[in-house]
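Below is one structure; the comments refer to it alone.
Here is the naming used below: chain letters follow the sequence lines, and residue numbers restart at 1 for every chain. Because the structure is predicted, anything quoted here is derived from the model rather than measured.
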Number of protein chains: 2
Amino acid sequence: MSTKPNLKDVAKVAGVSAITVSRVLTDPSRVSEKLRSKVEKAIHDIGYIRNHAASALASKKSGVLAVIIPSLSNIVFNDVLQGIYQAVKAKNLQVLLGDCHYSPLEEEKLIATLLSQSPEGIIVTGAAQTDYARKLLLQADIPVIQIMELTHQPIDMNIGFSHYQASYDMTNHLLQRGYRAPAFLGARMDPRTQQRLAGFKQAITDWPQPCSSYIHTTVQPSSIKLGGQLLQAVIAESNHQCDAVFCCNDDLALGALFESKRMNLSVPKDIAICGFNDLEASALVEPAITSVSSPRSEMGRQAVEMLFSATGKGRHALAPVDVGYNIIVRSST
Amino acid sequence: MSTKPNLKDVAKVAGVSAITVSRVLTDPSRVSEKLRSKVEKAIHDIGYIRNHAASALASKKSGVLAVIIPSLSNIVFNDVLQGIYQAVKAKNLQVLLGDCHYSPLEEEKLIATLLSQSPEGIIVTGAAQTDYARKLLLQADIPVIQIMELTHQPIDMNIGFSHYQASYDMTNHLLQRGYRAPAFLGARMDPRTQQRLAGFKQAITDWPQPCSSYIHTTVQPSSIKLGGQLLQAVIAESNHQCDAVFCCNDDLALGALFESKRMNLSVPKDIAICGFNDLEASALVEPAITSVSSPRSEMGRQAVEMLFSATGKGRHALAPVDVGYNIIVRSST
DNA sequence: AGTCAAAATGGTTGCGCAATCATTGCTGTT
DNA sequence: AACAGCAATGATTGCGCAACCATTTTGACT
């Protein structure tokens, strides 16, 4: 076969009509066993592959799920993606994945591009979409779900947890442990990091006894190495008064831990360290790092379920879902 | 607009013909400045988004790049993906990403599914495709590139490096350092891990002086924790004779390092540790871990370039590309 | 055997767009 | 002023498939 075979070619080989072949592909139960096996053999023999564009156009079903995440390199979104792919596998869907690099404008462009594929649903991260992006999403008339964080004005569905509250709790944990000069180390400063910072500030404000606090942030992307640099910076800045660092994620926390060893600071005696996201390494380093865990892959899985169980097809088909979080206390605090 | 707007709706609003709108979208230079701005305004006003299925069907161009990786959770493929996304961004392509979970059969199914989207090129990982998958890829008549490793019978294009040779070199490094009882710790045992094991074995065989060696592998997925367990296992198995461990990747190596501390083994005095892939953490732990680095994201970027610079459209449009590797010697050996 | 309902199969059509060809308008040249 | 030559725009058509409706076959029952 020099040119790509189509339905008719298969039909000819199998000695049936084109529509019968189509049925074998979309709903085999509607074709008799005899014809079905003939058709399946023909398909396999000539290596026929259905033309998705034509199929999508005729059926108005694309079999595509659009997903937009802020970063491919952040392992956190990987976990979510895994949950998404797991759920999608049982559903005969393909995933179109976009990386918007934490930029709402890039996200807007991506949304437009991905919507052109007529996805049957779309997963976006966070709630910082531009107005135009929101308009496009609403108009697309497909289920939309915002994941990772909770928002008061969801576009449609929403699943996540409160980064603010988790951070508030974690800061309280430090204060309860007796640390009175905690620092918040933040990188990237995307919306969720900012919520974490807000939770930190509020917890300090709400604490009944006086305590000092330090905040050191940068818009640089997060990394282990940066964690070490931020630790140095805040220690210098605070004139060695800082006695605990709350890192906005575990990468920074790991970097801070490694750096503290180089600086001959004992953790948690000289300085406590805690992070966010509970990466595998955090539990295995010495001392193990206190962190906030959340069911990321479960959240991805559930997001897909919610998208496609929304029978009503109306907006807000399901109430926002709070997947919660856990403060995992370890020896670093 | 109750139903999704189409080209005609835009045309009506802009007071032009449908085809003119189409041209604004595909090649604005072919439309006069005056009409173009009218059309663009109409598009934005009614929030029109082109129907990709129809466009793909009519133009026989899908604007899609298919990518299959063996695992979403392995950070190594993340790096490659980043390179791919970076290169793709400049090319108006969307990425359809599949995760075949290290299974050639799942990969075959994925290839069939992804090919149905008429991608303009496809990136697959490794060279262990099934015969039927190879047939489908050849028949699809699109550029195909196998990445990560080098193969003698590429389907079409190929970019990667020799895991066998890298492992051979690393093992020699250990032997040259004076270690005479190295162990190979392997997880997952996918084709590339097996090539690394083969390189290890050959280096041991080729070494002029007698030396003992140990091999401990499992098909379990790799993790930091598993690295610790494998270290324990090989130390017990070797009756404490083993003096160096070559971990098939840096996750295992980190786990082995953390575990060695718990076992009160000094690295590299009591035991040397080296890994593969050169993750960020490997350079920052204490002692820093010797590893094999390779230009992963560059490989992804280049794969995309190769796919779409293949003007000839024939098979083997470009010679296989060896991106090479580097043994990064650090204090763990 | 005859009847009828249900299952299996086929023919026709349109999805929304871009390729192709056709037409119109516009500029510069003599 | 006449015309060539090109740029800009429009009309028609078909991409490959599945929805829809029509027809044929099967099988259960009297």
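- Atoms CG (Asn51(A)) and C1' (dG14(D)) sit 13 Å apart, rounded to a whole Å.
- A heavy atom closer than 4.0 Å to some atom of DNA chain C occurs in Leu57(A), Ala58(A), Lys60(A), these being the qualifying members of residues 52-62 of chain A.
- Although no hydrogens or angles enter the test, the distance criterion places no donor-acceptor pair under 3.5 Å between the side chain of Gln129(B) and the main chain of Arg134(B).
- Between Lys41(A) and Asp45(A) there is a salt bridge, with a side-chain nitrogen of the basic residue lying less than 4.0 Å from a carboxylate oxygen of the acidic one.
- Going from atom CG of Leu150(B) over to atom CD1 of Ile159(B) covers 9.0 Å, rounded to the nearest 0.5 Å.
- First and last contacts of DNA chain C with chain B, using any nucleotide atom under 4.0 Å from a protein heavy atom and ordered 5' to 3', fall at dG16(C) to dA19(C).
- With sequence neighbours excluded, no residue forms a side-chain hydrogen bond (donor to acceptor under 3.5 Å, both in side chains) with Asn158(B).
- Rounded to the nearest 0.5 Å, atoms CE (Met306(A)) and CG (Leu318(A)) are 5.0 Å apart.
- Side-chain atoms of Tyr102(B) and Asn74(B), non-hydrogen and from C-beta on, do get closer than 4.5 Å to each other.
- Each end of the helix from dA1(C)-dT30(D) to dT30(C)-dA1(D) yields a helix axis from five base pairs, and these two axes differ in direction by 30° (to the nearest 10 degrees).
- With respect to the salt-bridge test (charged N to carboxylate O, under 4.0 angstrom), the residues Glu106(B) and Lys109(B) do not qualify.
- Under a 3.5 Å cut-off, the side chain of Thr20(B) and the backbone N or O of Val16(B) do not form any donor-acceptor pair.
- Applying a 4.0 Å cut-off to non-hydrogen atoms, the residues of residues 19-37 of chain B that approach DNA chain D are Ile19(B), Thr20(B), Arg23(B), Val31(B), Ser32(B), Leu35(B), listed by residue number.
- Rounded to a whole Å, the NZ atom of Lys38(B) is 13 Å from the C1' atom of dA8(D).
- Applying the side-chain hydrogen bond (donor to acceptor under 3.5 Å, both in side chains) rule to pairs touching residues 51-66 of chain B yields Gln117(A)-His52(B), sequence neighbours excluded.
- Between Tyr48(A) and Gly15(B), the residue anchored nearer the 5' end of DNA chain D, judged by the nucleotide with its closest heavy atom, is Gly15(B).
- With respect to the salt-bridge test (charged N to carboxylate O, under 4.0 angstrom), the residues Arg188(A) and Asp190(A) do not qualify.
- In this structure a side-chain-to-backbone donor-acceptor pair under 3.5 Å is missing from Thr125(B) to Gln146(B).
- A side-chain donor-acceptor contact under 3.5 Å links Thr130(B) and Glu108(B).
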| query | Does the pair Ile43(A) and Leu25(A) meet the rule for a side-chain contact (heavy atoms from CB on, under 4.5 Å), with working shown? | reply | CA-CA 10 Å; Ile43(A) 288 175; Leu25(A) 290 167; 3.8 Å; yes
